[in-house]
Amino acid sequence: MTQKQVVHFPRPVLFLMERLRAKGYEGWAVGGCVRDSLMGRTPHDWDLCTNALPAQMEECFAGLPVIGTGLAHGTLTVLVDHVPYEVTTYRVDGAYTDHRRPDGVRFVGRLEEDLARRDFTVNAMAARPGRLADPFGGQRDLEAGLLRCVGEARRRFEEDALRILRALRFSACLGFEVEEATAAALEQAAPLLEAISRERVYAELCRLLTGPEAAGVLGRFAGTVQVVLPEIGPCRGFETLHPSHDRDVWGHTLAALELSEPDLSVRWALLLHDLAKPRCFGVDEAGRGHAPGHGALGADQARQILDRLRAPHRLRDEVEFLVRHHDDALPLTEKRARVWLRKAGEQTLRRLLEVKRCDLAAHRPIPSIRRAEEDRLRFEVLLEQVLAQPPLRGLGDLAVSGRDLMELGVEPGPGMGRILWEIFRQVEEGNLPNEAGALRRAAARIADSDAQNAEKKSPDPL
Ligand code: ATP
Ligand code: MG
């Protein structure tokens with residue numbers, strides 16, 4: 001058996017299998033962990049399946065900490081060294097009436113029946129030391145890099161429409177091609193995605209988007225993705241009539257995505273960055289297309305979409321910022337860079353730089369695009385410079401002190417405090433360098449104008 005060299009069962013998994021075997025039951029590692037192992041990847045978790053019924057499982061694992069919340073569906077979560085392992089009784093799903101959840105489950109005695117309910121052949125393999133159960137040709141498809149439904153594709157997608165997005169997600173993450181009949185069935189069943197909860201749609205889209213093959217999958221299955229993101233519709237085939245573009249808006253979006261780091265905010269922002277272009281579009285006398293304000297309008301739209309999908313607020317806000325500013329000129333002075341840094345934070349600004357890098361690189365390199373890229377690089381350097389300067393935590397970090405001010409003739413007291421805080425504010429905003437000479441001069445200026453103001457307010461009574 002070849003898998004013997006490839007599946008390395010962790011000790012706790014062998015231990016759980018042994019507990020089952022000791023009472024006469026079968027135990028197999030199943031699903032994603034087998035697939036990932038055979039691909040030479042390290043599985044992120046291990047699931048087991050067994051012919052032991054829920055009550056029998058509880059006996060097998062007596063003395064171990066367990067979580068029994070899934071028991072009605074046959075799943076017992078067992079903790080070994082604080083790591084959870086899901087052990088599930090072989091089962092088949094009852095009828096599906098809502099295109100999402102079976103109306104019930106039925107426990108069965110044979111592993112093959114359990115594997116037959118699973119979504120794709122590469123996910124329908126089970127392994128134990130020395131044996132691989134692969135009744136649907138999962139290993140063959142894995143080697144060919146093919147995602148194929150177990151059984152009749154159309155029926156499988158109709159049973160549970162989430163599988164449509166799972167297929168796209170696995171394809172984007174594993175780099176697998178969706179097998180022809182599976183692809184056709186998936187596209188046909190796409191309208192059923194309306195029945196899937198938005199949280200689940202969001203979760204699958206996030207995994208799809210951060211996969212190495214995200215752009216290819218979004219391009220290949222744009223019509224299917226459009227069911228859950230109808231906003232991309234107007235971008236498909238929309239020509240921008242501008243010399244900086246040799247693709248339609250959707251093609252440009254995919255090209256930018258393809259170039260990007262697999263960061264969730266960056267990928268969402270790139271997916272949504274030009275959504276509003278068709279709505280803002282106009283043609284000038286020279287016949288060139290322009291879409292003024294598409295960043296701001298697109299940002300509002302991105303926010304609506306992410307709210308609809310119940311995305312976490314932090315991600316939503318960040319993506320909104322990235323879309324809003326993706327086409328804006330970047331600050332090129334230290335002072336303005338500091339303002340942006342304070343407003344957006346370092347991480348978000350770095351993401352904005354990445355969004356811009358990919359957006360610009362997905363254009364034709366006409367002079368205006370080259371200049372924008374030069375400015376982007378300049379801002380990158382500026383940002384590093386600003387970040388390299390130690391932050392001011394309080395008055396103690398200023399290059400002048402109360403003692404220096406006393407030398408300038410300022411009396412200790414609230415007036416002195418006010419001068420120091422004014423200097424602090426100006427240094428923080430980048431209006432003053434944190435250098436002794438400059439700060440002493442500034443302090444003297446402020447002290448002078450304070451003195452003048454005081455005179456004006458209280459004129460000599462004589
Ligand atoms: P990953 O954990 O990396 O997402 P996975 O294959 O382990 O991949 P899970 O969602 O953890 O995916 O599901 C575990 C297994 O359960 C799958 O490998 C598959 O066999 C089965 N499965 C999960 N969801 C479905 C579904 N909607 N329809 C059919 N089988 C499913
Ligand atoms: Mg899993």
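Start at 1 and go down the list; that is how both ligands and their atoms are numbered.
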**Study point:** Nearest neighbour in protein (non-hydrogen) for atom 28 (N) of ligand 1
**Key:** R163 NE, 2.7 Å
Check your understanding: Can you tell me the protein heavy atom closest to atom 16 (O) of ligand 1 and the distance?
Key -> R118 NH1, 3.4 Å
Exercise for review: For G31, take its heavy atoms, then give the atoms of ligand 1 lying under 4.0 Å from any of them.
Suggested key: 18 (O)
Exercise for review: Carefully, step by step, assess F176 and F120 under the rule ring pair (Phe, Tyr, Trp, His ring centres under 6.0 Å).
Suggested key: CA-CA 12 Å; F176 283 15; F120 306 109; over 10 Å; no
Exercise for review: For atom 7 (O) of ligand 1, find the nearest protein heavy atom and state the residue, atom name and distance (0.1 Å precision).
Suggested key: G32 CA, 3.4 Å
**Study point:** Residue list, side-chain hydrogen bond (donor to acceptor under 3.5 Å, both in side chains) with T50, at least two apart or on another chain
**Key:** none
Exercise for review: Considering only non-hydrogen protein atoms, determine which one is nearest to atom 19 (C) of ligand 1 and report residue, atom name and distance to 0.1 Å.
Suggested key: D119 OD1, 3.6 Å
Check your understanding: Taking 4.0 angstrom as the limit, do E346 and R350 come out as a salt bridge?
Key -> yes
Check your understanding: Which atom pair, heavy atoms only, marks the closest approach of L271 to T253?
Key -> O-CG2, 3.6 Å
Review point. Out of E204, R166, E86, who gets a non-hydrogen atom closest to atom 13 (O) of ligand 1?
Key: R166
Review point. Just which atoms of ligand 1 are under 4.0 Å from any heavy atom in R207?
Key: 1 (P), 3 (O), 4 (O)
Exercise for review: Salt-bridge test for E373 and R376: reply yes if a basic N is under 4.0 Å from a carboxylate O, no otherwise.
Suggested key: yes
**Study point:** Criterion ring pair (Phe, Tyr, Trp, His ring centres under 6.0 Å) on H242 and H363, from CA distance to verdict
**Key:** CA-CA 10 Å; H242 195 275; H363 282 76; 8.1 Å; no
Review point. For ligand 1, does R169 get within less than 4.0 Å through its side chain, its backbone, both, or neither, judged by non-hydrogen atoms?
Key: side chain
For residues 323-335, run the donor-acceptor check on the side chains, cut-off 3.5 Å, and write out each pair with its distance to 0.1 Å, sequence neighbours left out.
| from | atom 1 | to | atom 2 | distance (Å) |
| --- | --- | --- | --- | --- |
| R324 | NH2 | D300 | OD1 | 3.1 |
| R324 | NH2 | E320 | OE2 | 2.9 |
| H325 | ND1 | D328 | OD2 | 2.7 |
| H326 | ND1 | V323 | O | 2.7 |
| H326 | NE2 | D274 | OD1 | 3.3 |
| H326 | NE2 | H294 | NE2 | 3.1 |
| T333 | OG1 | R336 | N | 3.2 |
| E334 | OE2 | Q389 | NE2 | 3.2 |
| K335 | NZ | N431 | OD1 | 2.9 |

Review point. Is there at least one pair of N or O atoms, one from D47 and one from ligand 1, spaced under 3.5 Å apart?
Key: no
Review point. Which bit of R117 is near ligand 1, meaning a heavy atom under 4.0 Å away: side chain, backbone, both or neither?
Key: backbone
Practice item. Report yes or no: does a heavy atom of F170 sit under 4.0 Å from some atom of ligand 1? Key: yes
Review point. Could E112 and R110 be called an ion pair, given the rule that one side-chain N must be under 4.0 Å from one carboxylate O?
Key: yes
Point to revise | Sub-4.0 Å heavy-atom approach of D160 to ligand 1 | key: yes
Check your understanding: In Å and rounded to the nearest 0.5 Å, what is the CG to OG distance from L352 to S265?
Key -> 11.5 Å
Practice item. Decide whether the shortest distance between a heavy atom of H44 and an atom of ligand 1 is less than 4.0 Å. Key: yes
Review point. Out of T88, V34, D93, N123, whose heavy atom sits nearest atom 20 (O) of ligand 1?
Key: N123
Practice item. Could you say whether the N/O atoms of R35 and ligand 1 ever approach to under 3.5 Å? Key: yes
Review point. Which heavy-atom pair separates A62 from R19 by the least distance, and what is that distance?
Key: O-NH1, 3.1 Å
